[in-house]
Amino acid sequence: MALEGDVGSGLIAIGAGIAVGLAGLGSGMAEKDIGAAAVGAITEDASLFGKAMIYMVLPETIVIFGLVIAILAIFVM
Amino acid sequence: MSLPESMSRIVVAGTKAHMDEAIEVLYSAEAVHLIDHTVDADEGFSIGSPREYSSKASERLLKVRSMEKELGINKHTKTPSLPVEKVQSRILSNSVESAEDEVMRVLDRRNDLNQRIAALNTKKNNLEILQMLPVDLQFYGGYESIVAIVGTVAEDPSEALIRAMDVEYFVATTKKGPTAVAVFMRNRDRDKIMSTLSAFGFSEIQVPVGATGSPAEALKATGTEIAEAEAGLAKVEEELAAIRERHQAFLRASDEELSITVEKGEVPLRIATSEYSFVIDAWVPTKMVHQVKEKLEKDSEGRMYVEFQETRGRKDAETEAVEKRFKTVPTRMNNGRYSSGYEYATKLVDVPKYQEIDPTILIAIFLPMFFGFMVGDVGYAIPFIILGAYGLKVAKGRDWRIIARVLFFGGIWSFLFGLLFYGECLGMHFTGTYSPTGITWEHIFGMEEGALGAFSAVLPDFIHSEGGHTITHVGVGKLVEIPLLLKLSVYVGVVHLMIGYICSFINLKMRHGLKHAFMEQGGWILAFIGLVMFCYALASALIGDMSNLMTVYKVPFVIGIVLLAAGCGINIKSHGGMSIMELPGIVGNILSYTRLAAIGMSKAGMALAFNYIAFIMIYDSMGGILGLILGFAVFLIGHLMIFFLAILSAGLHSLRLQYVELMAKFFVGGGKEYSPLKVTRKKTHYEPLNTENKTKAEV
């Protein structure tokens, strides 16, 4: 790995952390409302599970973007 | 890629006089999916009325269900299956009614006793309060001009009573303060006294009518009465248990038998009848049409006439040409033995339409494979396989069965990936030195480096140079070969998505023809391929040297741009300009597959941490028996945690990739499930001997 104690690689590590962290927060915020609504809908009608799950996990991709950026930052920069 | 089974429409006609036989024959064919008759669909025909036996059966069913509820018999109660003939004859000889009489009599007695016990308990509480006062029970009543009130208070009212009125009173005090008070006063003072007392939290109690002697004696007598009533109640409960034991098999069996009778009796509500005849429209799987026609005509002894109407194709034009009630064709999913286990996963989203590809087989292939790729560890794979096999053996519910199935087949995939690709067990490589903790299974078993080399010779040939030390055949380190795993995930995603686009194209071609399908979906397929090539060239150049873009990666770059432009052109023509906005979504979809690598990494990271703590921080530094025990405990708990997290994360993410990325490309859903008329018996059965005898006798 390119992290050998100099300031530059420290900044890269911080950047990677921020990328994943903020992206995670973002998907969390998006998922919380969908999740609450999905649980409500499933309580009413259990057959909605599949559809509810699709909506529930849609914002999850956001955090994957963050992760990709973090990995690129660490391994490519 | 399987389509739902081809369906054909038939018409069955017969005379009303033989309706009951006709219903029996329709049920015995087990392939006839009724099409509900609608009012005014055919001139001269109207919806039929239920059979005469149906209302009596419903009434009895209601009685049976209420008895089951009262006796606590439910679908989990284990009862033996009874012969149908016996159940039917018992129902006909009014066994349901006599059982109801018996149950209701005992239930009434139980209610009476419960009420009596409640009343006695109130009396007992009152007597316990009266017991605190030094007055015998007969002195509280029987006066002409004096009245007594008794009750509980929160504070001592003595002073107020002395000051205000001409009364005689008794106050009982316990350690907690004043509790009971009895006041004797003139009749006319009663209201005033009550309002005075109310300031002290007074709540009146009733003195038992006609009671004499000391409250303690009365209390004793009441206690005996309560004990007697409770003993009576226990006896009644015993009786109920005996009744339940005696009747539960019959109740469960008659519940099933009566439900079947009611269902059959209501079939005429779904079909067309005239004064003397009935006509039934129905769907039958195409390959069974001939067989069904033969069976219906033979079993009804020629009283039913069956006519083939059409075999419905998948084209939209065919559907549009028919009457409204024949438009929806029921979907009978057509999957093999392995993939039919995953039909439930498809149905969780929706039942496929008759005119579209059933994605079940794709889920059956990719769901366990992705799961295995993400877990990819021999150490977790074996418990997954065992757990899944056990689940498949014992689980009955559909939800549990699909989970067990994914665990079993996912476990097999993760065993294969773990052994042949990652070369890992519980987060440690079998061989080699380059793993982040430096611990390998060779190291643990005290073998020389490379001792397991022969075993792991099948592993992919990746060369690592670290400190001049080159080792091959060690497997792909999840935390080391990250760029490789990421690339691989993206390639898997491209293939997976491409399958989705192709399925969509096939669906459209099937329904609307090739030209329409190309205009509708061809643009997306071209744009997808173009975007993949463009991004490949761009990303490779960005990571390496930007000047390579127009030299090494020139071909994919240029072809990518051309295809992208062509795809966008077609899309703009058929979907409008806004379709350009959806292009970044494709990149998002592809990148979404990097979760395959990411989840594998997160598992490996956790395993690394626990292994490090157990082996290096605890065992190596502490040593001895204590170090061994403590290290092993951390090792066990840590890996158990990863194991259960793997079910959640790997299982759900793998499912998500099917639902969101793959199925969203082509799956519409909204089909109606094929449900032929048939009887499923669990608590009743036909005795094979009897039926044989009967047929012989008939012959």
Side-chain angles (χ1 to χ4, degrees), chain A residues 1-4 9 12-13 15-77, chain B residues 344-351 359 363 397-399 402 436 466 479-487 489-490 493 539-544 584-585 587-599 601-602 649 651-664 667 669-670 673:
Chain A
M1 276 180 254
L3 310 182
E4 286 301 344
S9 36
I12 287 175
I18 290 175
V20 175
L22 288 185
L25 267 180
S27 17
M29 281 157 72
E31 267 181 43
K32 75 164 200 268
D33 295 334
I34 306 173
V39 169
I42 293 169
T43 324
E44 291 275 320
D45 179 1
S47 69
L48 289 174
F49 175 81
K51 279 178 193 147
M53 197 189 121
I54 293 179
Y55 292 126
M56 173 78 211
V57 297
L58 274 180
E60 230 171 43
T61 317
I62 301 171
V63 75
I64 302 279
F65 296 156
L67 188 80
V68 171
I69 296 300
I71 291 170
L72 285 178
I74 290 177
F75 289 92
V76 179
M77 283 179 80
Chain B
Y344 180 63
T346 308
K347 284 184 206 161
L348 268 182
V349 179
D350 218 335
V351 177
I363 295 180
R398 292 185 303 172
D399 310 68
I402 182 101
E466 249 174 63
L479 292 171
V480 184
E481 297 284 359
I482 295 168
L484 171 87
L485 285 176
L486 280 181
K487 265 189 226 163
S489 308
V490 169
S540 305
L542 268 175
I543 289 170
V587 183
N589 276 336
I590 297 172
L591 282 183
S592 183
Y593 285 84
T594 53
R595 75 184 68 224
L596 289 175
I599 287 164
M601 275 163 63
S602 74
S649 57
L652 273 181
H653 282 278
S654 165
L655 191 63
R656 174 228 145 91
L657 287 177
Q658 316 302 325
Y659 280 179
V660 182
E661 269 74 21
L662 176 74
M663 275 161 74
F667 186 68
E673 228 178 328

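Labels below follow one simple rule: chain letters A, B, ... track the order of the sequence lines, proteins then strands, and each chain is numbered from 1. Here the structure is a predicted model, which means the values were calculated and not measured.
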Heavy-atom cut-off 4.5 Å, strictly under: side chain, backbone, both or neither for M601(B) against chain A? side chain
Please determine, among L652(B), N589(B), V349(B), the option with the most heavy-atom pairs under 4.5 Å with chain A. V349(B)
Just grab all the salt bridge (charged side-chain N to carboxylate O under 4.0 Å, His left out) pairs involving residues 38-54 of chain A, residues at least two apart or on different chains. K51(A)-D350(B)
Sequence neighbours excluded, which residues qualify as side chain to side chain donor-acceptor pair (under 3.5 Å) partners of E31(A)? none
Who in residues 58-68 of chain A is close to chain B, using a strict under-4.5 Å heavy-atom cut-off? L58(A), E60(A), T61(A), I64(A), F65(A), L67(A), V68(A)
For atom OH of Y344(B), decide whether the heavy atoms of other residues, nucleotides or ligands shown that lie under 6.0 angstrom number more than 12. yes
Heavy-atom contact with chain A under 4.5 Å, split by part of I482(B): side chain
Quick check for you: to the nearest 0.5 Å, what is the distance between I54(A) atom CD1 and R656(B) atom CZ? 10.0 Å
Name all residues meeting the ring pair (Phe, Tyr, Trp, His ring centres under 6.0 Å) criterion together with F667(B); count only those two or more places apart in sequence or in a different chain, and write none if there are none. none
